[in-house]
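Structure, as structure tokens:
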Amino acid sequence: MLHILKMAAKFEQQPAQKLLDGKVIASIFFEPSTRTRLSFETAANRLGARVVGFSDVKNTSVSKGETLKDTITMVANYVDLIVMRHPLEGSARYASEVASVPVINAGDGANQHPSQTLLDLYSIQKTQGRLDDIRITMIGDLKYGRTVHSLLQALSLFNARFKFIAPPELQMPDEYKSYLTDRGLAFEEHTDLAGNMADADILYMTRVQRERFQDPIEYEKVKDVYSLKKAMLAGARPNMKILHPLPRVNEINADVDDTHHAYYFEQARNGMFVRMAIFAYVLGCD
Ligand code: CP
């Protein structure tokens with residue numbers, strides 16, 4: 001991870017490096033995406049690779065009933081690497097076992113979003129000057145939010161101190177809390193936002209993941225549970241930065257955008273450099 005962060009910093013300094021000239025990358029998205037797909041595809045283009053793929057399965061043979069196994073086997077025949085987002089948890093690992101080329105997980109259901117975690121780490125390192133001993137407060141949909149699951153596991157390697165703020169329905173799953181306990185890392189859990197932000201270096205906001213709810217009424221109950229406003233940041237530490245994987249809905253008010261705490265748009269920009277580094281690393285061009 002640290003090697004990829006170092007490479008990302010080099011790509012940020014000098015983005016025009018045609019390390020992947022002649023390579024072809026498949027970008028296959030079975031779920032909607034703006035940042036992840038476009039930053040992966042831009043990263044590939046900047047490195048000189050060509051990109052094929054789809055962002056809507058309606059236009060593919062998946063709509064005729066082709067299985068994931070067959071789709072991946074076919075796509076792997078044509079390309080050097082596959083970037084895949086899919087709604088099923090574990091689908092990326094499965095695809096990597098089927099494919100003859102590397103598969104990068106661009107998000108698998110409510111499970112994991114590892115490339116987002118690498119850009120989150122890069123953003124934390126850039127804004128805090130370190131990764132060790134970060135006090136991070138994760139807020140919102142900690143149950144279905146795959147970004148917090150991956151980030152928790154990564155930050156556990158750097159002695160992070162965690163605070164989880166979520167309504168009872170959307171608490172951090174037990175498996176991730178056990179992951180921390182097994183590693184001797186403490187965490188706090190709260191349901192109120194006010195009064196629980198003052199000691200944070202990083203506020204990691206998340207959207208309530210409407211697409212993961214079986215029952216729309218349950219989503220309606222929690223959809224606007226937290227809404228961060230500028231006035232609520234009065235007691236924040238000067239170094240505190242607000243991260244959000246985006247898209248946001250109502251969880252960060254627009255009046256926060258102009259504060260020095262807001263970092264979510266730069267965070268998304270960092271994704272392009274980190275994804276250039278991931279490609280270069282995975283394809284052995286680093
Ligand atoms: N952060 C993220 O995964 O955003 P997209 O869904 O737009 O790719």
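Just the heavy atoms: all of them, side chains too, but no hydrogens, waters or symmetry mates, feed the values below. When a ligand or atom number is given, it counts from 1 through the structure's own listing order.
- Residues passing the salt bridge (charged side-chain N to carboxylate O under 4.0 Å, His left out) test with D80: none are found, sequence neighbours excluded.
- Taking a heavy-atom cut-off of under 4.0 Å, ligand 1 is surrounded by S33, T34, R35, T36, R85, H113, Q116, P245, L246.
- Using modelled atom types, one finds a donor on one side chain and an acceptor on the other under 3.5 Å when comparing N270 with Y263.
- Listed by chain and number, the residues in a ring-ring contact (aromatic ring centres under 6.0 Å, His included) with H113 amount to none (sequence neighbours excluded).
- Taken together through direct or relayed side-chain contacts under 4.5 Å among Ile, Leu, Val, Met, Phe, Trp and Tyr, M84 and I278 form parts of separate hydrophobic clusters.
- Listed by first then second residue, pairs satisfying side chain to side chain donor-acceptor pair (under 3.5 Å) with a partner in residues 14-30 read S27-E41, not counting sequence neighbours.
- A cation-pi arrangement is present between R275 and F40 under the rule of less than 6.0 angstrom and at most 45 degrees off the ring axis.
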